[in-house]
There are 2 protein chains.
Amino acid sequence: MQKAVQKRTLRTRARLLAASEEVIHREGYEALRVEEVVKAAGVAKGTFFAHFRDKDALMEILIGERLSSIFDQVEANLPPKTVPELIRVLKPIHSFMTSERYVFDLLIRYSGAAAVAEIGPIAHCFERYFRVVENWLTYADVRKDVSADLLAEGVQAFAIQAMSLKFCALHEAQSFEDKLEIYLEAWLTPAT
Amino acid sequence: MQKAVQKRTLRTRARLLAASEEVIHREGYEALRVEEVVKAAGVAKGTFFAHFRDKDALMEILIGERLSSIFDQVEANLPPKTVPELIRVLKPIHSFMTSERYVFDLLIRYSGAAAVAEIGPIAHCFERYFRVVENWLTYADVRKDVSADLLAEGVQAFAIQAMSLKFCALHEAQSFEDKLEIYLEAWLTPAT
DNA sequence: CTAGGAAACTGACCGTGGTCATTTTTAGGA
DNA sequence: TCCTAAAAATGACCACGGTCAGTTTCCTAG
């Protein structure tokens, strides 16, 4: 049988996660320092890396969890039928994704599963984004000459483009949501 | 009058750039170490940072230059008229962008001008991408119900999406170019 | 209850990017 | 040619993520 995980392990892991969340709550994601976390959790630095491959792995878990809970709320909404409704309903997700430059960069970097090995929590969230939008689009008032899943991929691509622009010195004039609406109207409007 | 830049400054900078290029040529972008560069250039570490804000700033210059020269070649082509032609003509650019994960990440991170201040060489390249595609699309056989500049932004968004997928464990089956062609056919085909 | 092997933990140490007070070099006016 | 102020270069130092040989704790077979 599988060697059982010691209770101690779970306790230590929980302490590390709690300490991390506390730091992030106080100072934001970007400011998190491993040293600070282990001090707050009362463990040695090496222990941190026995529990998480690296700092990014911890971040992926924390950001993934947060994003996942936002998805839960978003999915509770009635399916949007129009582009403005779609944007409004997705707003909490996009807001979190662009809440910190650090968060956005990490999301993008992990959006397609880290270069290495298996798919992580952030990649799962991007898949979920895709799946949710696809379902919505199946019954929304949008073009039907291309499949809903292709449309959904496009929505994701345009959302990322619009979010990048938010961090861009060049396009600061136009707001993220105006930009996204223009994109999505062009992408989703039924061909007449 | 402006205090003239000392000749020494230009010489040192040139040495640093040459040393960097040499290292990158030998070992790739990711492997570049500042220590190695300064040793090869025969200067102290502090000097490096007097010439470049940080390591990323050097990378931006080198990658930007390389990308820029690829654009020069690409622009020498006849304007593409169809989606497959468009993809074929852009191929050298996309190939370089995805040549190393490190390069792709850095490009994305700087695509919209670093969070701070003024627009850098990489952001210029992304603007150039946009402008070039826009010009092509103006005379290509594509939908005309939305403006060429919006179409061009979409092409960029889809290209980035397709490139991300290249680094994604999930979608490895489908090739970058097949994916991009599907996207662009749906995005650019004239509404009938 | 005990022994001993495995799992968990430790902290000194390393690699690497980046800083800054100090020293060296440059250039041009007397 | 010499003097001097500004520009450039230096290298010891720091911050921070990550490693690993050694130590402690836990669990279970006997």
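In what follows, every heavy atom counts, from backbone to side chain, and hydrogens, waters and symmetry copies are set aside. So you know, we letter chains A, B, ... as the sequences are listed, proteins then strands, and number each from 1. Computed from a predicted structure; not experimentally measured.
Considering only side-chain atoms of B:F49, the nucleotide from C:dG17, D:dG11, C:dA7 that sits closest is C:dG17. Nearest nucleotide to the side chain of A:R8, out of C:dA7, C:dG17, D:dG17: C:dA7. Here C:dA7 is the nucleotide among C:dA7, D:dG18, C:dA27 with the atom lying nearest to any side-chain atom of A:Q6. The side chain of A:R33 lies closest to D:dC16, out of D:dC16, C:dC9, C:dA27.
Atom NZ of A:K55 is separated from atom P of D:dC16 by 9 Å (rounded to the nearest Å). Whole-Å rounding puts the B:F48 CZ to C:dG17 P distance at 8 Å. At whole-Å resolution of the value, CG in B:L32 and P in C:dG15 are 18 Å apart. As a whole-Å value, the separation of B:K39 NZ from C:dG17 P is 14 Å. Between the CG atom of B:D54 and the P atom of D:dA15 there is a distance of 19 Å, given to the nearest Å. Between B:R13 atom CZ and D:dA9 atom P the separation is 12 Å, expressed in whole Å. Here C:dC9 presents its P atom at 11 Å from CZ of A:F52, a figure rounded to the nearest Å. Following rounding to the nearest Å, A:L16 (CG) and C:dT10 (C1') show an atom-to-atom distance of 13 Å.
Nucleotides of DNA chain C nearest to B:G46 and B:E35 differ in position, and the one nearer the 5' end is that of B:E35.
Distances shown here put a side-chain N or O of A:T47 below 4.0 Å from the OP1 or OP2 atom of C:dT10. The shortest distance between the side-chain N/O atoms of A:H51 and the OP1/OP2 oxygens of C:dA8 is not below 4.0 Å. Phosphate proximity of C:dC9 to A:T12: present, with a side-chain N or O under 4.0 Å from OP1 or OP2.
The base of C:dG18 is paired with the side chain of B:K45 by a donor and an acceptor separated by under 3.5 Å.
Taking a cutoff of 4.0 Å between a charged side-chain nitrogen and a carboxylate oxygen, A:E177 and A:K91 qualify as a salt bridge. Between A:R26 and A:E22 a salt bridge is recorded (basic side-chain N to carboxylate O distance below 4.0 Å).
The two atoms that bring A:V23 and A:L32 nearest to each other are CG1-CA, 4.2 Å, heavy atoms only.
Distance alone, capped at 3.5 Å, is enough to place a donor-acceptor pair between the A:E85 side chain and the A:K81 backbone.
No single ILVMFWY cluster, assembled from side-chain heavy atoms under 4.5 Å apart, contains both B:W136 and B:F130.
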